[in-house]
Amino acid sequence: MKDRILPLEGVRNFRDFGGYASRHGGHVKQGRLFRSGHYAEATHGDLQQIRQKGIAVQADLRRPDERERQPGKWSAPMTITHDGGREHEAPHHQFLTKVEADAEKAEAWMTDYYRVAPFKAHHRELFATWFGHLAELKDDEAGLVNCAAGKDRTGILCALTHHILGVSQEDIHADYVLTNVAVDVDGRLGEIAEMFNAHIGKNYEPEVFRPFIGVRLPYLETAFARIESEVGSIDTYLTETLGVTKAQQDTIRDKLLEG
């Protein structure tokens, strides 16, 4: 699993999310699907490596205010963005400054975020557009999903992509929690807590910040459970909520499965 992580200097959580076995037969091609955080701090060396990946389509799931605060140093020829969801301040910053937080409240906040994220209007449009472009991907092209940290919005969309490709629930979960290794959550938690506390003028214990730099499986399970409770199944969400047709899904599988 660690072999799929590309250890870049200024881009966090960059990794290949292909290679998994499919219930449709064979496995997902490697070198065709990537995921990551933002590109505002990408180094020259990072950019050289990224440009060698053949990434033609990028779904940048960040809000417009995020893109304005941290403009990327790289983007794919076709970059999908959306101007919806603008915030005057990052939602997790608002939570940490306006509520006297603890680790339990932080966990609850992140769980609540996952409960609503699949049905946010701009997320639905971004997700649908991603699948539309994925169905049109050429044989020598790759696609990439990113957001600010490449873990929450990105994690949901990558899991949905895996679902279409027939990746098992076990592997979907394994790929999702790989974020914690890719960003070295345990190793960096103290440093991140110190930085956050200085920025927001608080003195929270490090565990308060864990949900904002890492992931836990119950988050993704919450998103999928909400989808199932609202529309009945992930397949129905894809076809009826997002409008990804069965023909498009077949094409995506034809393009991205092998063996």
Side-chain angles (χ1 to χ4, degrees), residues 5-6 8-18 31-44 46-93 113-114 116-138 141-162 164 175-176 178-179 182-183 212-213 215 220 223 238 242-244 252 256:
I5 300 169
L6 184 64
L8 300 175
E9 294 179 77
V11 182
R12 302 201 191 284
N13 210 4
F14 189 102
R15 60 191 204 258
D16 188 326
F17 69 101
R32 301 292 303 281
L33 292 170
F34 297 97
R35 54 179 293 176
S36 73
H38 67 76
Y39 292 84
E41 299 168 358
T43 66
H44 178 70
D46 293 341
L47 297 177
Q48 286 184 312
Q49 293 190 69
I50 292 162
R51 287 172 181 143
Q52 294 172 358
K53 301 297 182 185
I55 298 168
V57 176
Q58 173 188 7
D60 185 343
L61 306 180
R62 295 179 299 164
R63 302 183 310 275
D65 54 292
E66 292 175 293
R67 301 196 305 271
E68 290 162 6
R69 281 197 300 270
Q70 295 182 309
K73 295 179 180 178
W74 169 88
S75 61
M78 170 55 70
T79 300
I80 303 160
T81 61
H82 199 289
D83 288 336
R86 178 180 290 276
E87 298 275 358
H88 71 278
E89 183 184 3
H92 65 285
H93 280 199
Y113 175 81
Y114 272 80
V116 301
F119 291 96
K120 286 177 178 283
H122 59 288
H123 287 171
R124 295 199 311 266
E125 292 183 32
L126 283 164
F127 292 0
T129 306
W130 159 254
F131 289 121
H133 283 292
L134 211 56
E136 298 172 355
L137 209 61
K138 295 178 181 177
E141 294 177 339
L144 173 136
V145 180
N146 80 280
C147 56
K151 69 185 190 74
D152 301 315
R153 292 163 286 189
T154 294
I156 293 170
L157 184 51
C158 290
L160 291 169
T161 305
H162 275 157
I164 286 177
D175 188 84
Y176 173 74
L178 189 59
T179 281
V183 302
F212 307 113
I213 64 170
V215 297
L220 184 64
L238 288 164
L242 300 187
V244 185
I252 289 169
L256 294 175

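All figures in this text were calculated on a predicted structure; none of them were measured in a lab.
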Practice prompt. Measure across Ala223 and Ile156 and return the closest heavy-atom pair with its distance rounded to 0.1 Å.
Written response: CB-CD1, 4.2 Å
Response to the item:
Tyr114 meets the ring pair (Phe, Tyr, Trp, His ring centres under 6.0 Å) criterion, sequence neighbours left out, with Tyr219
Item to complete: Answer yes or no: is there an ion pair linking Lys73 with Asp46, defined by an N-O contact shorter than 4.0 Å?
Response: no
Discussion item. Please report the interatomic distance CG(Leu238) to CG(Leu160), rounded to the nearest 0.5 Å.
Written reply: 5.5 Å
Worksheet entry | salt bridge (charged side-chain N to carboxylate O under 4.0 Å, His left out) contacts in which one or both residues fall within residues 146-155, not counting sequence neighbours | Glu66-Arg153
Fill in: Identified side chain to side chain donor-acceptor pair (under 3.5 Å) counterpart of His82 within the set Glu125, Lys120, Arg67, Arg124
Glu125
Fill in: Steps toward side chain to side chain contact (heavy atoms under 4.5 Å, CB included) verdict (Ile5, Leu178)
CA-CA 9 Å; Ile5 300 169; Leu178 189 59; 4.1 Å; yes
Practice prompt. Compare all side-chain heavy atoms of His133 with those of Leu137 and state whether any distance is below 4.5 angstrom.
Written response: no
Item to complete: Please step through side chain to side chain contact (heavy atoms under 4.5 Å, CB included) for the pair Arg86 and Glu68, ending with a clear verdict.
Response: CA-CA 11 Å; Arg86 178 180 290 276; Glu68 290 162 6; 2.7 Å; yes
Response to the item:
Residue set satisfying side-chain hydrogen bond (donor to acceptor under 3.5 Å, both in side chains) with Tyr39, at least two apart, ordered chain then number -> Ser36
Worksheet entry | Counterpart residues, ring pair (Phe, Tyr, Trp, His ring centres under 6.0 Å), relative to His38 (two or more places apart) | none
Practice prompt. Any chance you could measure Thr161, atom OG1, to Arg35, atom CZ, to the nearest 0.5 Å?
Written response: 10.0 Å
Worksheet item: Which distance, rounded to the nearest 0.5 Å, do you find between the CD1 of Ile50 and the CG of Leu144?
Response: 8.5 Å
Discussion item. For Leu242 versus Ala128, what's the shortest heavy-atom pair and its separation?
Written reply: O-CB, 3.2 Å
Worksheet entry | Listed partners of His92 passing side-chain contact (heavy atoms from CB on, under 4.5 Å), at least two apart | Ala90, Trp109, Phe196, Phe212
Discussion item. Suppose we screen for side-chain hydrogen bond (donor to acceptor under 3.5 Å, both in side chains). Which residues come up paired with Gln49, at least two apart in sequence or across chains?
Written reply: none
Discussion item. Which residues pass the side-chain hydrogen bond (donor to acceptor under 3.5 Å, both in side chains) test with Thr179, not counting sequence neighbours?
Written reply: Asn13, Arg15
Worksheet, complete the sentence: d(Ile164 CD1, Leu134 CG) to nearest 0.5 Å is 8.0 Å
Worksheet, complete the sentence: Residues at least two apart in sequence or cross-chain that pass side-chain hydrogen bond (donor to acceptor under 3.5 Å, both in side chains) with Asp16, listed by chain then number, are none
Item to complete: Return the set of residues passing ring pair (Phe, Tyr, Trp, His ring centres under 6.0 Å) with Phe34 (not counting sequence neighbours), or none when no residue passes.
Response: Phe14
Side-chain donor/acceptor pairs under 3.5 Å, residues 51-65, sequence neighbours excluded:
| from | atom 1 | to | atom 2 | distance (Å) |
| --- | --- | --- | --- | --- |
| Gln58 | OE1 | Ala76 | N | 2.9 |
| Gln58 | OE1 | Thr79 | OG1 | 3.3 |
| Gln58 | NE2 | Asn146 | OD1 | 2.9 |
| Asp60 | OD1 | Arg62 | N | 3.2 |
| Asp60 | OD1 | Arg62 | NE | 3.0 |
| Asp60 | OD2 | Arg62 | NE | 3.4 |
| Asp60 | OD2 | Arg62 | NH2 | 2.9 |
| Arg62 | NH1 | Gln70 | O | 2.8 |
| Arg63 | NE | Asp65 | OD1 | 3.2 |
| Arg63 | NE | Asp65 | OD2 | 3.4 |
| Arg63 | NH2 | Asp65 | OD2 | 3.0 |
| Asp65 | OD1 | Glu87 | N | 3.1 |
| Asp65 | OD2 | Arg69 | NH1 | 3.3 |
| Asp65 | OD2 | Arg69 | NH2 | 3.4 |

Practice prompt. Look up atom OG1 in Thr43 and atom CD in Glu9, then write down how far apart they are to the nearest 0.5 Å.
Written response: 4.0 Å
Worksheet item: Looking at residues at least two apart in the chain, or sitting in another chain, which of them share a ring pair (Phe, Tyr, Trp, His ring centres under 6.0 Å) with His123?
Response: Phe127
